[in-house]
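The structure appears right after this line, and notes come after that.
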Amino acid sequence: MPDRIPVTPGARGVPQVAMSRTSTLVTRTGSWKYIRPAYHDRVAPCNARCPVGIDIEGYLNLLREGRVDEARDLLLAENPMPAVTGRVCHHPCETACNRRALDSAVSIHAVERAMGDLAHQRPAPIPAVTRRAERVAVVGSGPAGLACAYHLARFGYGVTVYETAAKAGGMLRLGIPAYRLPREVLDKDIARVLAHGVEITCGVRVGVDVTWDELATTFDAVCVSTGAHTSRALGVPGESLPGVRAGLAFLRDVNDGHRPTLGTQVVVVGGGNTAMDCARAALRLGAQVTVAYRRTRDEMPAIREEVEDAEREGAHFVFLANPVEFSEADGRVRTLVCERMALGDADASGRRRPVPTGERFSIAADTVLTAIGESSALEGFFDDVTRSDAGLKVGALGGTSRAPLFAGGDATDLERTVADALGAGKRAAIGIDRHLRHRAGETDVDALRFGDGNVSAARWQGRDPVRRVDPVNEVVGIDDISLAQYRKVPRHDDPHLDSDCAVRCFAEVNAGLSTAEAMDEAQRCLNCGVCTQCDVCMIFCPDAAISRVEGGAYAIALDYCKGCGICAAECPRGAITMTQERA
Ligand code: FAD
């Protein structure tokens, strides 16, 4: 006897509806669908945009779960110097952060810095490796060389780094001042590289003290990471007058502990990081500082925060000012004569080109520091290695046109930032490993990348520590995630020293976040592309077709899922993809 079919009581305005007291499982609504959902972890935009190739989403997620040591280890699997990058990286990850559409980007650099500092107090264990017989020489101990050496050591190679300066660190020590990167922080990040068995020999100029050929024949591979240390000249009359100095030479002096006499009025020429550091160092030596730049603020290549800090500390900016000559009085520079520029069309760099207006003006100067860029110079180097005006040409994994020479960082024609140098050093290490193990034919470099970003050393070693569900190498955009599932939470901004106090000394300006604040900030991560088992899909499914299975994943009862797509539309991470049913 079939169950009686009850009807709804028929309250006022509500039509009567037939209801079944028996199971509705017999109605296989899944047969209606032409698209079906599937869980596919995708790539967070921060990961794809990180020049180092850090699994940022991965370590923020571990922090969110309170798994601090695992987060540290995941970070260190890709980046040997997080305390450094947490302080000086230009953090394109934050520009790409989807959270910007909700309130503000996750303060990734600040979390990275806190993790880097924590790793100094609580060092990560050094992974056991199978030692390999081959030895590699790395020339230059800046971030590119140190990253290459670190990853090679983790792959099992013996590595010797040759450095011409008295101490390792490259521009991190010679260029960037201590108020942004305290030397004890840098020393501790370098100590981590040494702890992996890397040897650094300082005071050796390759190409002068030892030939490139000797290195290439003594070692199984060589990485060229010599940076770009020759300051570009303005090429205008009066540049050799006393009082006109290359900004980089001035910074090297200051970073060596000297306090050069500058006079009262200092003019800095340029708009990049070197110019900003010249301005801020000169302010700390008591000068009044004017920065002359030939384009406008929007086109300045310096990190935005550096420009803001320089301005806050008292630097005055004159934009659209192109130096045309230096005038003298009493045998030294007295004024910088500039031509007023206007902005024209975009040039090859995508920035609007400065065009002369013919109008001239002067800026009084006791000292002029020029900082319009640096070029690389390699003494005694092989003539047959392909290069462009910007530096050595390298392939996807750092190979030059002459095996077994690899290269990375500012010595090449790649982007010139600390993060790019670290990422390039890692690529060169993987390239060298691939070369020495004759694995060129079997490598799919794109499979090692985060989206179309940098490669992962962990993936190269075949042990991606983050378990991802049927991953696809596709970057998650803002339209792929449901922001309605989130509430606004203010970002933890870096506390800064008061500017009046900051310009009186070289103490670190940015005080950074505590570990607790950093862990709190990690909670703001949207975990774009990665299922965090938040249950939103299960809650929203109108057919109750989604259920939890052992181990925390979800199962979709496809016999009942009618392909409405609500789970994918509501997923706060963009980790569900709708795909067409096969005919
Ligand atoms: P480098 O850091 O230049 O290191 C190269 C090393 O090779 C040096 O130690 C050099 O002495 C050594 N060397 C050179 N020739 C030889 C040889 N023949 N034999 C042996 N050793 C040799 N980037 C950012 O991302 N953020 C910043 O805030 C920032 N600020 C900067 C501020 C200044 C003042 C400057 C100059 C640069 C700044 N940069 C910044 C850029 C960044 O420092 C560089 O892009 C990065 O250091 C390049 O790394 P690298 O390893 O290629 O070269």
Side-chain angles (χ1 to χ4, degrees), residues 51-52 81 84-92 109 137-149 160-177 179-181 186 190 200-212 215 222-232 246-252 254-255 268 270 272-281 301-307 309 369 371-381 391-392 394 398 407-425 428 510:
V52 187
M81 316 189 87
V84 167
T85 42
R87 286 170 168 83
V88 303
C89 180
H90 61 303
H91 45 76
H109 74 279
V138 171
V139 186
S141 67
L146 290 173
C148 184
T160 304
V161 179
Y162 291 96
E163 169 56 56
T164 188
K167 282 182 122 181
M171 283 301 186
L172 303 175
R173 192 181 298 283
L174 306 169
I176 300 179
Y179 57 79
R180 289 206 289 136
L181 180 55
L186 173 60
I190 294 175
I200 304 185
T201 307
C202 288
V204 176
R205 186 163 198 89
V206 176
V208 176
D209 302 320
V210 47
T211 66
W212 290 98
L215 281 198
V222 178
C223 177
V224 185
S225 40
T226 44
H229 289 239
T230 312
S231 294
R232 290 204 187 106
L248 192 53
F250 160 72
L251 286 173
R252 285 184 78 141
V254 169
N255 291 330
V268 176
N273 290 322
T274 308
M276 293 307 100
D277 279 333
C278 285
R280 296 179 71 188
I303 299 173
R304 187 180 44 82
E305 287 91 335
E306 258 248 83
V307 180
D309 284 347
L369 301 171
I372 58 160
E374 295 85 27
S375 52
S376 62
L378 283 164
E379 292 149 297
F381 196 63
L392 297 172
V394 287
D410 285 8
T412 69
D413 59 356
L414 303 171
E415 288 291 310
R416 292 187 171 179
T417 73
V418 172
D420 282 283
L422 286 165
N510 182 346

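Each ligand, and each atom within it, is numbered from 1 in the order the structure gives.
From the protein, the heavy atom lying nearest to atom 7 (O) of ligand 1 is G140 CA, 3.1 Å. The protein non-hydrogen atom at the shortest distance from atom 37 (C) of ligand 1 is T274 OG1, 4.3 Å. Taking atom 4 (O) of ligand 1 as the reference point, the nearest protein heavy-atom neighbour is G142 CA, 3.4 Å. For atom 41 (C) of ligand 1, the closest non-hydrogen atom on the protein side is R416 O, 4.0 Å. With hydrogens left out, the protein atom closest to atom 53 (O) of ligand 1 is G227 CA, 3.3 Å, a heavy atom. The single protein non-hydrogen atom nearest to atom 32 (C) of ligand 1 is D277 OD2, 3.3 Å, given as residue, atom name and distance. Closest to atom 39 (N) of ligand 1, if we only count protein heavy atoms, is N273 ND2, 4.3 Å.
Scanning both residues, L422 and P143, for their nearest heavy atoms gives CD2-O, 3.5 Å. Nearest approach of A168 to C202, heavy atoms of both residues: N-SG, 3.9 Å. Among all heavy-atom pairs drawn from S225 and A144, the shortest one is CB-CB, 3.9 Å. Minimum interatomic distance between E379 and W212 (heavy atoms only, all atoms of both residues): O-NE1, 2.9 Å. In plain terms, the two heavy atoms of T226 and A411 that are nearest each other are OG1-CB, 3.6 Å.
A side chain to side chain contact (heavy atoms under 4.5 Å, CB included) with L146 is found for one member of V138, I200, V84 and no other, namely I200. T160 pairs in a side chain to side chain contact (heavy atoms under 4.5 Å, CB included) with only one of the listed residues (V204, T201, V139), which is T201.
For ligand 1, the atoms closer than 4.0 angstrom to any heavy atom of D410 are 44 (C), 45 (O), 46 (C), 48 (C), 52 (O). Residue-ligand proximity, A421 to ligand 1, at heavy-atom distances under 4.0 Å covers atoms 48 (C), 49 (O). Taking a cut-off of under 4.0 Å to the non-hydrogen atoms of G170, the atoms of ligand 1 that pass are 2 (O), 4 (O), 8 (C), 9 (O). Remark: ligand 1 atoms within the under-4.0 Å shell around heavy atoms of P143 are 2 (O), 46 (C), 47 (O), 49 (O), 51 (O). Taking a cut-off of under 4.0 Å to the non-hydrogen atoms of G175, the atoms of ligand 1 that pass are 34 (C). For ligand 1 and L251, the ligand atoms under 4.0 Å from any heavy atom of the residue are 34 (C). Within ligand 1, the atoms closer than 4.0 Å to a non-hydrogen atom of I303 are 26 (N), 27 (C), 28 (O), numbered from 1 in the order shown. Near R205, meaning under 4.0 Å from one of its heavy atoms, ligand 1 places the atoms 18 (N), 19 (N).
When E163, H90, H91 are ranked by how near their heavy atoms come to atom 10 (C) of ligand 1, first place goes to E163. Distances from atom 20 (C) of ligand 1 to the heavy atoms of N255, T226, V204 put V204 nearest. The heavy atom nearest to atom 3 (O) of ligand 1, out of those in R173, E306, M276, H229, is found in H229. Of the listed residues (V418, V206, L181), the one carrying the non-hydrogen atom nearest atom 24 (C) of ligand 1 is V418.
Between H109 and H91, the two ring planes are parallel [angle under 30°; tilted spans 30° to 60°].
Residue-ligand proximity: S141 is placed with a non-hydrogen atom under 4.0 Å from ligand 1. A heavy-atom separation below 4.0 Å is not found between L172 and ligand 1.
Using a 4.0 Å cut-off between heavy atoms, V208 makes no contact with ligand 1 at all. Heavy atoms of R180 found under 4.0 angstrom from ligand 1 belong exclusively to the side chain.
Here's the thing with T164: one of its N/O atoms is less than 3.5 angstrom from an N/O atom of ligand 1. For ligand 1, one of its N or O atoms has an N or O atom of A144 under 3.5 Å away. The N/O atoms of M171, backbone and side chain alike, include one that comes under 3.5 Å of an N/O atom in ligand 1. Inclusion of V88 in the set of residues having an N or O under 3.5 Å from an N or O of ligand 1 is warranted.
In this structure the side chain of E306 reaches within 4.5 angstrom of the side chain of D277, judged on heavy atoms.
Counting only distance, with no hydrogens or angles, the side chain of D410 and the backbone of S376 share no donor-acceptor pair below 3.5 Å. T164 places no side-chain N or O within 3.5 Å of a backbone atom of G203 that could act as its donor or acceptor partner.
One distance of note links OG1 of T230 with CG of L248; it measures 9.0 Å at 0.5 Å rounding.
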Criterion side-chain contact (heavy atoms from CB on, under 4.5 Å) on M171 and V88, from CA distance to verdict: CA-CA 12 Å; M171 283 301 186; V88 303; over 6 Å; no

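R416 and E374 are not joined by a salt bridge, as no carboxylate oxygen comes within less than 4.0 angstrom of a charged side-chain nitrogen. For D309 and R180, the salt-bridge test fails: no basic side-chain N is under 4.0 Å from an acidic carboxylate O.
The environment of E415 atom CD is sparse: at most 12 non-hydrogen atoms of other residues, nucleotides or ligands sit within 6.0 angstrom.
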